[in-house]
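For reference, the structure is listed below as structure tokens.
For clarity, every value in this text was computed on a predicted model and none was experimentally measured. All values below come from the heavy atoms of this structure, side chains included, with hydrogens, waters and symmetry mates left out.
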Amino acid sequence: MDASIAPASRAAVVTPSDTAIVGARALYIGTTGDVAIAPRRDMDPVIFRSVPAGTILPVHAAIVALTGTTASNIVALF
């Protein structure tokens, strides 16, 4: 199966940081809130507002920024 469309095979807890590289292909949001994601290291974060608990955001997340993120219990899917 093409790795770009295969289901995630790894997961890791995310601690939001304005500088740490996550490199996830999707994020599970455990607690409702805003999530600031930079799709690439050289891009400013985009804030997804009021993401409901239990949502899987199918976006590449190079960085899950601390600034602008209020959601918690975030898990990176690889």
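Across F78 and A12, no two heavy atoms sit closer than the pair CE1-CB, 3.9 Å. Residue A36 comes nearest to G68 through the heavy atom pair CB-C, 4.0 Å, listed as atom of the first residue, atom of the second, then distance. Minimum heavy-atom separation, H60 to A24: ND1-O, 3.2 Å. Residues A62 and R41 come closest through the heavy atom pair CB-N, 3.9 Å. Minimum interatomic distance between T69 and P16 (heavy atoms only, all atoms of both residues): CG2-CG, 4.0 Å.
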**Request:** Please assess L77 against I56 for the test side-chain contact (heavy atoms from CB on, under 4.5 Å), listing each intermediate value before the final yes or no.
**Result:** CA-CA 9 Å; L77 304 172; I56 294 179; 4.2 Å; yes

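Follow the hydrophobic side-chain contacts under 4.5 Å out from V14 and you reach I37 in the same cluster. Both V59 and V64 belong to a common hydrophobic cluster when Ile, Leu, Val, Met, Phe, Trp and Tyr are linked at side-chain heavy-atom distances under 4.5 angstrom. No continuous path of ILVMFWY side-chain contacts below 4.5 Å connects Y28 to V22, so the two sit in separate hydrophobic clusters.
When atom types are taken as modelled, the side chain of S17 and the backbone of T19 share a donor-acceptor pair closer than 3.5 angstrom. Judged by distance alone, with hydrogens and angles left aside, the side-chain atoms of T31 form no donor-acceptor pair with the main-chain N or O of A71 at under 3.5 Å.
Enclosure of atom CG in D44 is not indicated, since only 12 or fewer non-hydrogen atoms of other residues, nucleotides or ligands lie within 6.0 angstrom.
Annotation: the span from T55 atom OG1 to I29 atom CD1 amounts to 7.0 Å, rounded to 0.5 Å.
Side-chain contact between T67 and D18: present, with at least one pair of heavy atoms (C-beta onward) separated by less than 4.5 Å.
Checked options L27, V13, V51, L57; the residue passing with I74 is L27 (criterion: side-chain contact (heavy atoms from CB on, under 4.5 Å)).
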